[in-house]
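A short write-up of the structure that comes next.
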Protein chains: 2
Amino acid sequence: MTDKPTVPSAGLRRDMEILELLAGHGDDRDADGFGVTWIAQRLGREKSQVSRALRALELEGMVERDPVTRRYRLGWRLFALAARTQHARLVQVAAPYLRGLTTTFDEDAYLCVLRGNLVLTLMSVPSSRIYHRVWEGISVPLLMAAAGRSLVADWDEQRVRDLLSATTLPSGLESAVGGTEEWLADLAHVRSCGYAVTDVELEDSTAGVSAPVRDHRGLITAAISVSVARTHPAARLHEIGAAVGETARQLSISLGLVPHGRPIMSPMRGSP
Amino acid sequence: MTDKPTVPSAGLRRDMEILELLAGHGDDRDADGFGVTWIAQRLGREKSQVSRALRALELEGMVERDPVTRRYRLGWRLFALAARTQHARLVQVAAPYLRGLTTTFDEDAYLCVLRGNLVLTLMSVPSSRIYHRVWEGISVPLLMAAAGRSLVADWDEQRVRDLLSATTLPSGLESAVGGTEEWLADLAHVRSCGYAVTDVELEDSTAGVSAPVRDHRGLITAAISVSVARTHPAARLHEIGAAVGETARQLSISLGLVPHGRPIMSPMRGSP
DNA sequence: AAAACTAGGTGCAACTAGCGCAACAGTAGT
DNA sequence: ACTACTGTTGCGCTAGTTGCACCTAGTTTT
């Protein structure tokens with residue numbers, strides 16, 4: 001009926017919706033799982049369908065059910081599979097670098113990658129201060145992420161312009177993100193100095209400093225970002241920025257980048 | 001036809017087989033992905049079917065395809081979902097404890113959980129020595145895992161006997177695992193002293209030391225294990241064992257265990 | 001360069017797996 | 001007990017998946 005009759009997606013889509021729902025309640029903290037009925041009406045599907053799907057998913061270990069509350073939550077298999085991802089390797093290598101930054105500055109450090117126009121946080125190393133929100137596995141719009149500027153630093157100008165004009169921002173954040181020219185200047189700064197400073201962030205009153213991580217071909221595959229409390233003077237931001245840039249460079253070398261500072265030649269990116 | 005006509009499992013099973021195949025080539029290191037045809041004949045399924053399934057999986061982010069080699073590998077979504085698992089929280093909390101052990105003894109430290117009769121390694125902190133194999137996401141039979149004895153320490157005797165008699169061991173490892181009585185004695189040792197020492201392990205010539213991690217209810221939910229080079233004297237094994245036991249106890253407290261010596265288990269634990 | 005080979009993708013009719021309804025079975029609250 | 005739940009199951013019907021054959025695109029052979 002739709003437009004993809006030949007792709008087996010019906011069952012998978014349902015399963016993914018369920019998994020996303022089990023994972024994604026975002027900021028709620030009642031992680032003790034969800035019942036069949038709740039999921040069903042949240043998804044607008046039949047109870048029976050959800051019940052059977054969950055049973056199948058449980059059989060595969062994608063979800064597991066609390067034996068006493070009979071509620072479902074995400075299962076061990078996801079963990080086992082994720083550990084074999086290339087991202088897992090990246091996290092493994094990056095972990096000591098991030099921890100180094102955190103211990104040096106006592107600020108939260110993050111490792112992020114770009115997925116479409118969203119920034120996915122792979123790993124976070126919280127500072128000693130407060131119990132900070134868990135960011136792993138969370139995606140935020142590119143424009144709103146501290147690591148955003150670093151992740152797109154190598155994009156050609158037109159693509160950046162397209163992104164900025166195409167994205168519609170949530171309420172009253174337009175001014176916070178800054179204009180197109182400002183963005184392009186920031187990207188140039190990343191390419192020349194190796195780090196970016198972002199002034200306005202998502203919700204909390206912190207600035208962000210980030211730097212791109214490159215693979216063996218020199219392509220940006222990830223970014224390190226550090227949130228800095230706004231109470232610091234601007235000079236300190238750049239001090240931290242330099243450190244973050246250097247850390248990202250060393251991480252890149254660990255990932256196979258030849259440590260020769262060469263001009264970034266634009267690798268022709270085909271499809272957006 | 002079989003016995004589960006009402007559970008939607010056909011598509012899911014196919015997808016899981018694909019994912020497992022993409023994840024699970026075990027010890028190969030060519031992690032540059034796999035092609036459609038290879039997967040299809042490895043699975044004994046139609047090319048077209050696999051092609052379409054992979055496209056659907058890619059659309060959901062469960063797999064991703066290298067744009068140049070056109071090979072598939074596990075995708076970012078798995079990482080995002082796994083980060084929201086309860087296991088992710090466990091790893092987050094346990095990480096500093098494991099790192100503490102590794103830096104103290106310079107031996108590999110692992111965090112494992114029990115899944116059925118398999119021991120799944122959630123996290124490994126390698127020692128500084130050699131590049132050690134990646135164990136995260138790998139399951140090994142309960143009897144062969146260093147953490148095995150700690151994970152089943154609270155099982156009642158009959159259940160342990162059933163397990164030992166039910167399991168068939170691979171070639172010539174029967175003697176290595178040890179007899180039933182020996183196992184039961186080891187479990188008693190875990191309950192009284194808080195750690196287990198395993199002499200014979202999987203492949204490498206290392207002994208293992210492990211200790212159970214308990215949740216807020218006192219139930220064993222995970223285990224820490226440390227592999228110890230056989231060159232150490234036996235006394236050192238117990239020295240490390242005591243440290244691992246203490247670390248596991250502190251981790252348990254971090255997870256909400258009331259740090260009170262419970263009645264039946266270990267009364268002789270001095271206060272720190 | 002054409003032929004031969006391979007890997008991956010597509011169109012379509014047949015068929016069966018899974019949907020949805022409704023009835024059923026547990027469990028808790030009153 | 002009744003009432004109000006949540007979760008599971010039986011079964012006819014339909015829509016989604018299957019498998020074959022064919023097709024496209026890239027790579028090697030002659």
Side-chain angles (χ1 to χ4, degrees), chain A residues 1-19 21-22 25 28 30-75 268 270-271, chain B residues 1-19 21-22 25 28 30-60 62-75:
Chain A
M1 282 296 178
T2 61
D3 49 341
K4 302 204 177 201
T6 54
V7 188
S9 58
L12 180 60
R13 278 273 283 283
R14 169 179 41 73
D15 294 342
M16 292 305 300
E17 283 175 14
I18 291 176
L19 291 178
L21 198 61
L22 287 177
H25 58 321
D28 283 343
D30 60 341
D32 48 325
F34 303 95
V36 171
T37 306
W38 187 88
I39 297 173
Q41 64 188 28
R42 206 71 172 23
L43 253 49
R45 290 175 184 271
E46 264 295 313
K47 271 190 315 179
S48 59
Q49 206 183 136
V50 174
S51 170
R52 289 191 260 243
L54 280 168
R55 184 134 36 95
L57 286 168
E58 186 188 20
L59 222 124
E60 301 290 346
M62 299 294 278
V63 303
E64 39 194 26
R65 156 177 265 184
D66 190 304
V68 40
T69 68
R70 293 178 65 78
R71 282 155 169 256
Y72 286 100
R73 53 176 67 176
L74 295 178
M268 41 200 110
S271 47
Chain B
M1 281 298 178
T2 60
D3 48 342
K4 305 200 176 197
T6 52
V7 188
S9 58
L12 180 61
R13 278 272 285 282
R14 171 177 42 71
D15 294 342
M16 292 305 300
E17 282 175 15
I18 291 175
L19 291 178
L21 199 60
L22 287 178
H25 59 320
D28 285 341
D30 60 344
D32 49 324
F34 303 95
V36 172
T37 307
W38 186 88
I39 297 174
Q41 64 188 28
R42 206 71 172 26
L43 253 49
R45 291 175 185 271
E46 264 295 314
K47 269 193 314 181
S48 58
Q49 203 182 137
V50 173
S51 170
R52 290 191 258 242
L54 280 168
R55 187 136 34 94
L57 286 169
E58 186 187 21
L59 221 125
E60 301 291 348
M62 299 295 277
V63 303
E64 41 195 23
R65 154 178 266 185
D66 189 304
V68 40
T69 68
R70 292 177 67 76
R71 282 155 170 258
Y72 286 101
R73 53 177 65 178
L74 295 179

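In what follows, every chain begins at residue 1, and chains take the letters A, B, ... in the order their sequences are listed. Worth saying up front: this structure is predicted, and the values here are computed from it rather than measured.
Residue A:Thr37 places at least one side-chain N or O closer than 4.0 Å to OP1 or OP2 of D:dG7. Of the side-chain N and O atoms in B:Arg70, none sit less than 4.0 angstrom from OP1 or OP2 of D:dG26. Applying the 4.0 Å criterion to OP1 and OP2 of C:dG8, one finds that B:Arg65 has every side-chain N and O outside that range. The shortest distance between the side-chain N/O atoms of A:Ser51 and the OP1/OP2 oxygens of D:dG7 is not below 4.0 Å.
Rounded to an integer number of Å, the gap from CG of B:Leu12 to P of C:dA17 is 15 Å. Counting to the nearest Å, the P atom of D:dG10 and the CD atom of A:Glu46 are 17 Å from each other. When the C1' atom of C:dT10 is taken as reference, atom CG of B:Leu54 falls 16 Å away, rounded to whole Å. Computed from coordinates, the B:Leu59 CG to C:dG9 C1' distance equals 16 Å when rounded to whole Å. Following rounding to the nearest Å, A:Arg14 (CZ) and C:dA17 (P) show an atom-to-atom distance of 15 Å. Rounded to whole angstrom, the span from the CG atom of B:Leu43 across to the P atom of D:dT18 amounts to 12 Å. Straight-line distance from the NZ atom of B:Lys47 to the P atom of C:dC5: 15 Å, rounded to whole Å. Here D:dT6 presents its P atom at 10 Å from CZ of A:Arg71, a figure rounded to the nearest Å.
One can find a donor-acceptor pair under 3.5 Å joining the base of C:dG20 and the side-chain atoms of A:Arg52.
Closest to the A:Arg55 side chain, of the nucleotides C:dG8, D:dT8, C:dG18, is D:dT8. Side chain of A:Gln49, nearest nucleotide from C:dG8, D:dG7, C:dG20: C:dG20. Comparing D:dT9, D:dG7, C:dC19 by their nearest atom to the side chain of A:Ser48 picks out D:dT9.
Here the OG1 atom belonging to B:Thr37 is positioned 14.0 Å from the CZ atom belonging to B:Arg42, to the nearest 0.5 angstrom. Here B:Trp38 contributes atom CH2 and B:Leu21 contributes atom CG; the two are 4.5 Å apart, rounded to the nearest 0.5 Å.
Exactly one of A:Leu12, A:Leu43, A:Leu22 qualifies for a side chain to side chain contact (heavy atoms under 4.5 Å, CB included) with A:Glu17. That residue is A:Leu43. Partner A:Gln49 forms a side chain to side chain donor-acceptor pair (under 3.5 Å) with one of A:Arg52, A:Glu46, A:Arg45, A:Lys47 and no other, that one being A:Arg45.
Using a 4.5 Å cut-off on side-chain heavy atoms (C-beta onward), A:Tyr72 and A:Glu58 make contact.
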